[in-house]
Amino acid sequence: MTNPQSSVPAELIARSNRLGADAKNTNYAGGNTSAKGTERDPVTGEDVELVWVKGSGGDLGTLTEKGLAVLRLDRMRALVGVYPGVEREDEMVAAFDYCLHGKGGAAPSIDTAMHGLVDAAHVDHLHPDSGIAIATAADGEELTAKIFGDKVVWVPWRRPGFQLGLDIAESKERNPQAVGCILGGHGITAWGDTSEEAEKSSLWIIDTAAAYIEANSKQEPFGPRLEGYDALPEAERRARAAALAPTVRGIASADRPMVGHFTDTDVVLDFLASAEHPRLAALGTSCPDHFLRTKVKPLVLDLPPSASVEESLERLGELAVAYREDYQGYYDRHATPDSPAIRGKDPLIVLVPGVGMFSFGKDKQTARVAGEFYVNAINVMRGAEGLSTYAPIDEAEKFRIEYWALEEAKLQRMPKPKALATRVALVTGAASGIGLATAQKLAAEGACVVVADLDLEKAQAAAADIGSSDVAVGVRVDVSDAAAVQAMVDETVLAFGGVDLVVNNAGLSLSRSLLDTSEADWDLQHDVMAKGSFLVAQAAARAMIAQDMGGDIVYISSKNSVFAGPNNVAYGAAKADQAHQVRLLAAELGAHGIKVNGVNPDGVVQGSGIFAGGWGANRAEVYGVEEKDLGAFYAQRTILKREVLPSHIANAVFVLCGPEMTHTTGLHVPVDAGVAAAFLR
């Protein structure tokens, strides 16, 4: 139990947050920090020495006290006496649980031994690009001595674990003048008697390495420029990325669905425009934090940006087959009877010269972070090649970590994904009413959501209310404009890798009789609902077919698509058009695994943009009630006598697209509380 008055964990958290806030120091969720101190044991009343360590899976930049593991230092160090040797060192992780002080807190990480065994009050273990560049240089040991003198010690590569903790502790004991060490192939560790000293040592190592690289690197670490491989102009680059994205996502999702992220930063584009990028990419990453998130190496398109989209797509398909065969070979070369089953042979990083990088993961954050880690890896390669030769840890060691029993156990502890996890949803007319409720519901069930609306500001505000840009983004669209619709789909695939679930919800209504309905009234409603739904379905279906992952298209039609009510000839006809599109597209797109269904709402007054825009007043006048009572009026004319809310429509969309309705297409679901005249026949 941690004393809330103790300054030790507070100092540790503050230091961790400062270090983790700067990407030059460590990457997201990479590295760990610790502090030792004394507290009163509530059982004995005596002082006891403790070590606070950032727990497994946490992030330094956002670390809180809940993310710390707290262990009895005497018990942790007593493990040295029962350590069975490096061949059985994994057993020590379970032993950490018997060293915990109090209850709660985070699970101890594999690096706990490093922090507990090193004889220093404060220890930082970080993965800075500059430090890993030295750690992965072919002559890293010599460079370490040259750059840092005797203040930083070289520790040869060893897989993270108890033995590495013993190695670092011994190294510090033999070198009392040292403030830290470079861990071969991996990162850095630094220490100090105070939190301030440890932080100062960490930053000195990081900054000294970076300054040395800057001052001594060869002019072209990645070799000369490759003719014809320079980055395309931005607009052309992003258009090419959008054209490739669905197919690339399909390649990355052959074994299991993935969410994607795209980046075209200068770091990536410069790397891909250099002569040595094929060799370096094939060597793979080195730091365990890198390759656990990026796989051991990326898939690299071996065509220049001048190649056509069609040529690039064909070649990507060929390379995907070769990548899977290569990964199977990697697994077969190193797997033992005790190894976990192969987890998937698809790439997590796909590099396209002149265009950028696609990265993938189980959700958007994981995909984005994978891309960030590969940028880190590029920076590491640049530093190592600038001073020496990039020499990552060998393939067998990578396999030992990637298919480590402890890593497998960590994966098995992950919470069960939500029903729509890995799915990318696009909802039109989503800034209010049914569309907003649907976007909120789909996001709550695990989908990444694009909130599309004619009003960009409202779309972005609605997306921000749903969550971060890893969950939802807002875009502008006029669904009656084919170019705008394509731009919306392009933004969707660039934001999340592709599209799986489209909700055609954008709509409007003018309540007028046949004689009062103008040609412009008719065209407007048909342009938005009939034509707009067609354009959205067409553009989205192209992306879905390219992905080859199936998909869902849902039309928010209306009771009025089958019910003949007064004064809505244009609206009712447009909704009937939408309703038949459902049937037509269900028949056509089923061959691609794409389901097409519809929802027929009625009387959805609350939060409705249509009703707020004048339709409500007109409907109220038609039915002879006050506008404020319109929802209640609609409820009373239903069989169930219940008012229909936007959330009810959203629930129906979820059911149609969820895991329980995998064999249903061409269906219209009425959500109207029961209107007998609108029963489907």
Side-chain angles (χ1 to χ4, degrees), residues 229 231-232 236-265 268-269 271-272 277-278 281 293-295 297-327 344-364 366-375 378 422-424 426 448 450 486 489-500 539-551 592-593:
Y229 275 70
L232 296 169
E236 186 179 349
R237 189 166 72 233
R238 294 186 71 81
R240 175 69 64 93
L244 298 177
T247 296
V248 173
R249 184 182 179 220
I251 288 170
S253 301
D255 287 316
R256 60 180 61 87
M258 292 284 179
V259 175
H261 175 72
F262 173 73
T263 183
D264 56 355
T265 63
V268 174
L269 295 171
F271 176 65
L272 294 174
H277 85 260
R293 291 168 171 82
T294 66
K295 268 207 166 89
K297 59 185 176 182
L299 185 156
V300 185
L301 178 62
D302 54 1
L303 293 177
S306 58
S308 69
V309 170
E310 292 73 24
E311 289 172 324
S312 297
L313 291 173
E314 182 178 0
R315 184 59 180 150
L316 282 166
E318 295 168 351
L319 290 169
V321 173
Y323 188 97
R324 289 174 61 84
E325 291 174 350
D326 182 69
Y327 190 86
K345 296 179 281 189
D346 304 320
L348 294 179
I349 302 292
V350 177
L351 302 173
V352 180
V355 176
M357 171 174 62
F358 298 93
S359 54
F360 297 90
K362 64 183 177 63
D363 52 39
K364 170 67 175 186
T366 306
R368 175 176 54 79
V369 169
E372 291 171 3
F373 271 79
Y374 200 79
V375 168
I378 292 173
T422 74
R423 303 202 74 192
V424 179
L426 168 60
C448 298
V450 174
Q486 187 59 55
V489 173
D490 288 351
E491 287 188 75
T492 300
V493 301
L494 289 180
F496 297 117
V499 61
D500 306 298
R542 287 194 184 105
M544 290 180 182
I545 291 168
Q547 288 175 158
D548 193 24
M549 297 168 63
H592 302 286

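Keep in mind it's a predicted model, so treat the numbers as computed, not measured.
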Is there a side-chain contact between [X] and [Y] (heavy atoms, below 4.5 Å)?
| X | Y | value |
| --- | --- | --- |
| Phe496 | Val450 | yes |
| His261 | Lys364 | yes |
| Val489 | Leu426 | yes |
| Ile378 | Val268 | yes |
| Asp548 | His592 | no |

By salt bridge (Lys or Arg N to Asp or Glu O under 4.0 Å) - contacts of [X] (at least two apart):
| X | answer |
| --- | --- |
| Arg368 | Glu372, Asp470 |
| Lys297 | Asp326 |
| Glu318 | Arg315 |

Give the minimum heavy-atom separation between [X] and [Y], together with the two atoms involved.
| X | Y | value |
| --- | --- | --- |
| Ala252 | Pro347 | CB-O, 3.5 Å |
| Ala241 | Leu494 | CB-CD2, 3.7 Å |
| Leu301 | Pro353 | O-CD, 3.2 Å |
| Gly498 | Val424 | O-CG1, 3.1 Å |
| Pro257 | Thr422 | CB-OG1, 3.4 Å |
| Val355 | Arg240 | CG2-CG, 3.5 Å |

Point to revise | Contacts of Arg293 that satisfy side-chain hydrogen bond (donor to acceptor under 3.5 Å, both in side chains) - sequence neighbours left out | key: none
Point to revise | By side-chain hydrogen bond (donor to acceptor under 3.5 Å, both in side chains) - contacts of Ser253 (at least two apart) | key: none
Review point. Applying salt bridge (Lys or Arg N to Asp or Glu O under 4.0 Å), which residue pairs with at least one partner in residues 246-255 are found, sequence neighbours left out?
Key: Arg249-Asp500, Asp255-Arg324
To the nearest 0.5 angstrom, please state how far the [atom1] atom of [X] sits from the [atom2] atom of [Y].
| X | Y | atom1 | atom2 | result |
| --- | --- | --- | --- | --- |
| Leu348 | Phe373 | CG | CZ | 13.0 Å |
| Leu313 | Thr247 | CG | OG1 | 4.5 Å |
| Tyr323 | Leu299 | OH | CG | 7.0 Å |

With sequence neighbours excluded, tell me which residues meet side-chain contact (heavy atoms from CB on, under 4.5 Å) with [X].
| X | answer |
| --- | --- |
| Ile349 | Thr294, Pro298, Leu351, Met357, Ser359, Ala370, Tyr374 |
| Val321 | Glu325 |
| Pro278 | none |
| Ala307 | Leu303, Glu311, Ser312 |

Practice item. List the steps and the verdict of side chain to side chain contact (heavy atoms under 4.5 Å, CB included) for Leu269 and Asp264. Key: CA-CA 6 Å; Leu269 295 171; Asp264 56 355; 4.3 Å; yes
Check your understanding: Within 45° of the axis and under 6.0 Å from the centre of the six-membered ring of Tyr327, does NZ or CZ of Lys295 qualify?
Key -> yes
Revision key, fill the gap. Sorted by chain and residue number, the ring pair (Phe, Tyr, Trp, His ring centres under 6.0 Å) partners of Tyr229 (sequence neighbours excluded) come out as none
Point to revise | Under the ring pair (Phe, Tyr, Trp, His ring centres under 6.0 Å) test, residues paired with Phe262 that sit two or more places apart | key: Phe358
Exercise for review: Evaluate side chain to side chain contact (heavy atoms under 4.5 Å, CB included) for Arg256 paired with Lys362, printing each intermediate quantity in order.
Suggested key: CA-CA 9 Å; Arg256 60 180 61 87; Lys362 64 183 177 63; over 6 Å; no
Practice item. Spell out, as yes or no, whether a donor-acceptor pair under 3.5 Å connects the side chain of Gln547 to the backbone of Val499. Key: yes
